[in-house]
There are 2 protein chains.
Amino acid sequence: MPNKSADITMDAVYTAPGYLFRRMQQIAVSIFVEECKAYDLTPVQYASLVSIRTHPGIDATRLSAVIAFDRSTLGSVIERLEAKAYIERKSSPEDKRTKLLYLTRAGAALLRDIMPSVQRAQARMLQPLKPADRRTLLALLTQLVDLNNEASRVPLRAEDALEHLGKSN
Amino acid sequence: MPNKSADITMDAVYTAPGYLFRRMQQIAVSIFVEECKAYDLTPVQYASLVSIRTHPGIDATRLSAVIAFDRSTLGSVIERLEAKAYIERKSSPEDKRTKLLYLTRAGAALLRDIMPSVQRAQARMLQPLKPADRRTLLALLTQLVDLNNEASRVPLRAEDALEHLGKSN
DNA sequence: TCTCGATTGACAGCATACTTACAATATGGA
DNA sequence: TCCATATTGTAAGTATGCTGTCAATCGAGA
């Protein structure tokens with residue numbers, strides 16, 4: 001529809017990859033929040049909880065590397081999760097600078113309960129495409145995100161999370 | 001790489017479409033800002049300027065529909081663009097509630113000058129993919145964004161911009 | 001051991017992106 | 001004409017996502 005006389009130059013926006021990525025992210029968040037509104041949890045808070053469950057006792061800096069999330073922003077995310085009593089922060093005896101993160105019982109329960117809603121949200125995002133196209137899009141996107149990892153300000157460092165295991169193991 | 005014992009459940013994050021969309025948006029903004037840092041312009045500010053150039057005299061509400069951008073947020077974006085003297089706001093004589101938006105000479109010049117950088121940024125986002133894969137990804141993404149339009153809180157309404165033309169024509 | 005450089009969490013500041021609310025204004029129907 | 005309803009810009013509040021900076025702490029080498 002963006003193609004009536006006056007819209008000719010708008011294609012400089014509508015067909016740009018950057019615009020499509022922004023728009024899709026906008027839509028994805030909207031769908032996630034809608035499906036999960038009963039739990040009042042955002043996509044980032046969800047990803048943080050999953051990471052803490054997977055890596056109990058991780059510290060904030062490593063958590064930010066594991067979900068490719070800015071260290072500064074993560075501070076407030078953790079604050080909110082702690083205020084909702086889904087996680088606990090304990091000072092590390094080995095390193096007085098760091099605070100270790102753990103799921104509370106409530107946090108673990110929430111994560112279990114919210115799973116179906118999250119699955120529904122993820123499915124809805126791709127629903128309009130044919131199944132084969134969904135697979136193609138996901139494959140290309142996975143590839144592109146991986147190859148562009150270093151281009152972002154906060155590259156994903158999944159292996160960072162394993163460092164603290166070396167100490168406690 | 002996210003596949004060492006402890007990472008098993010992290011796949012609930014890494015393979016989710018929502019995570020990939022967030023990550024890709026993050027990367028896209030990072031590349032855009034880097035390429036355009038000489039002009040100190042954000043992706044959203046760029047899209048706003050292009051829209052105002054395409055639709056001179058558009059008001060803020062219609063502009064938000066044209067770039068699928070929240071009306072509240074747009075207020076501050078416009079403020080910043082006005083502070084940088086790239087746009088002008090004029091009260092409408094026909095409707096005292098609205099303020100009409102126009103590019104200044106400086107805004108038009110900036111838009112001309114920044115084009116090569118924007119093109120470079122858009123190209124870099126897809127660079128890692130093979131040309132055929134870039135086309136496939138763009139086609140699928142365009143399709144998905146279009147079909148999911150109503151799912152977002154601020155659906156794109158490109159045709160809204162044409163309303164004010166009816167009055168002035 | 002002492003000291004220099006790196007790391008950590010916290011903070012301030014800016015820019016999206018959304019919510020609700022509100023006053024001013026516009027509009028259509030009784 | 002008058003009035004209920006809708007629209008417009010704005011503002012306050014919350015939540016990412018980034019830039020810096022800073023003090024406290026750590027760790028490695030002289």
Side-chain angles (χ1 to χ4, degrees), chain A residues 18 21-23 25-34 37 40-48 58-65 67-84 89-101 152-155 160 163-164 167, chain B residues 18 22-23 25-34 37 40-48 58-65 67-84 89-101 152-154 160 163-164 167:
Chain A
F21 292 137
R22 175 174 77 81
R23 195 81 188 92
Q25 152 75 358
Q26 206 177 17
I27 290 166
V29 171
S30 182
I31 290 176
F32 185 102
V33 169
E34 192 180 320
K37 68 167 168 285
D40 188 31
L41 206 70
T42 67
V44 172
Q45 290 169 8
Y46 164 76
S48 300
I58 197 173
D59 62 278
T61 295
R62 243 149 298 279
L63 178 57
S64 84
I67 54 178
F69 201 84
D70 182 73
R71 215 161 52 101
S72 301
T73 313
L74 195 59
S76 51
V77 175
I78 288 175
E79 234 172 68
R80 280 184 280 275
L81 287 176
E82 198 181 17
K84 294 184 196 175
R89 255 193 295 200
K90 295 178 185 169
S91 294
S92 166
E94 296 161 18
D95 188 335
K96 284 180 202 163
R97 294 171 303 175
T98 67
K99 296 183 180 174
L100 310 183
L101 305 171
S152 78
R153 296 304 181 145
V154 189
D160 274 23
E163 284 177 18
H164 76 292
K167 297 177 185 173
Chain B
R22 174 174 78 81
R23 194 83 188 90
Q25 152 75 358
Q26 205 177 18
I27 290 166
V29 171
S30 181
I31 290 176
F32 186 102
V33 168
E34 191 179 322
K37 67 167 169 285
D40 189 31
L41 206 69
T42 66
V44 170
Q45 290 169 7
Y46 164 76
S48 300
I58 197 173
D59 61 277
T61 296
R62 243 150 299 278
L63 177 58
S64 83
I67 53 177
F69 200 84
D70 182 73
R71 212 161 55 99
S72 301
T73 314
L74 195 58
S76 51
V77 175
I78 289 175
E79 234 172 67
R80 281 183 280 277
L81 286 176
E82 199 181 19
K84 293 185 198 176
R89 255 193 296 197
K90 295 178 185 169
S91 296
S92 166
E94 296 160 16
D95 188 335
K96 285 178 203 164
R97 294 171 303 175
T98 67
K99 295 181 180 175
L100 310 183
L101 304 171
S152 78
R153 295 303 181 146
V154 189
D160 273 21
E163 285 178 17
H164 76 292
K167 297 176 183 173

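First the proteins, then the strands, lettered A, B, ... as listed; each starts at 1.
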Original post:
Can you name the nearest heavy-atom pair linking A/Val77 to A/Phe69, along with the distance?
Top reply: CG2-CE2, 4.0 Å

**OP:** Map B/Pro93 and B/Ser152 onto DNA chain C by nearest heavy atom, then report which one ends up closer to the 5' terminus.
**Re:** B/Ser152

Original post:
When all nucleic acid strands are considered with a 4.0 Å heavy-atom cut-off, which category describes A/Thr42: base, sugar-phosphate, or nothing?
Top reply: sugar-phosphate

**OP:** Output all residues satisfying salt bridge (charged side-chain N to carboxylate O under 4.0 Å, His left out) with B/Glu79, sequence neighbours left out; order by chain, then residue number.
**Re:** none

Subject >> B/Leu74 CG - D/dT10 P separation (whole Å) >> reply: 10 Å

Can you name the atoms? Protein N/O to nucleotides 10-14 of chain C N/O, anything below 3.5 Å, with the distance.
| unit_1 | atom_1 | unit_2 | atom_2 | d |
| --- | --- | --- | --- | --- |
| C/dA10 | OP1 | A/Lys99 | NZ | 2.7 |
| C/dA10 | OP2 | A/Arg89 | NH1 | 3.3 |
| C/dC11 | N4 | A/Ser72 | OG | 3.3 |

Subject >> Phosphate OP1/OP2 of D/dT10 contacted by B/Arg97 side-chain N/O (<4.0 Å) >> reply: no

**OP:** Compute whether any side-chain donor of one residue and acceptor of the other, for A/Gln26 and A/Arg23, lie under 3.5 angstrom apart.
**Re:** yes

**OP:** For A/Ser76 and for B/Thr98, find the nucleotide of DNA chain D with the closest heavy atom, then tell me which residue's nucleotide is more 5'.
**Re:** B/Thr98

Original post:
Which of these nucleotides, C/dA17, C/dA26, C/dT8, is closest to any side-chain atom of A/Thr61?
Top reply: C/dT8

Original post:
If every non-hydrogen atom of B/Ser152 is compared with every non-hydrogen atom of A/Ser30, which pair is closest and at what distance?
Top reply: CA-OG, 3.8 Å

**OP:** Please name all residues satisfying salt bridge (charged side-chain N to carboxylate O under 4.0 Å, His left out) with A/Arg97, sequence neighbours left out, ordered by chain then number.
**Re:** A/Asp95

**OP:** Round to the nearest Å and state the distance from A/Asp40 atom CG to D/dT16 atom P.
**Re:** 10 Å

Subject >> Separation of C/dG9 C1' from A/Asp70 CG (nearest whole Å) >> reply: 13 Å

Original post:
Between B/Ile58 (CD1) and D/dG9 (P), how many Å, whole number?
Top reply: 10 Å

Original post:
Taking atom P of C/dT16 as reference, at what distance in whole Å does atom CG of B/Leu81 sit?
Top reply: 8 Å

Original post:
Which one, C/dG9, C/dT16, D/dG17, comes nearest to the side chain of B/Val77?
Top reply: C/dT16

Original post:
Distance-only, no hydrogens or angles: does the A/Lys84 side chain make a donor-acceptor pair with backbone N or O of A/Asp40 under 3.5 Å?
Top reply: yes

Original post:
OP1 or OP2 of D/dT16 less than 4.0 angstrom from a side-chain nitrogen or oxygen of B/Gln26, does that happen here?
Top reply: no

Subject >> Length of the line joining B/Asp59:CG and C/dA24:P, which is rounded to integer Å >> reply: 20 Å

Original post:
Starting at CD of A/Glu34 and ending at P of C/dA17, how long is that distance when rounded to a whole Å?
Top reply: 19 Å

**OP:** Specify the separation, in whole Å, of atom CD of B/Gln25 and atom P of C/dC18.
**Re:** 11 Å

Subject >> Closest nucleotide among D/dC26, D/dT8, C/dG9 to the A/Asp95 side chain >> reply: D/dC26

Original post:
DNA chain D: A/Phe69 or A/Lys96, which has the more 5' nearest nucleotide?
Top reply: A/Phe69

Original post:
Where do B/Arg71 and B/Thr61 come nearest, in terms of heavy atoms and distance?
Top reply: CD-OG1, 3.5 Å

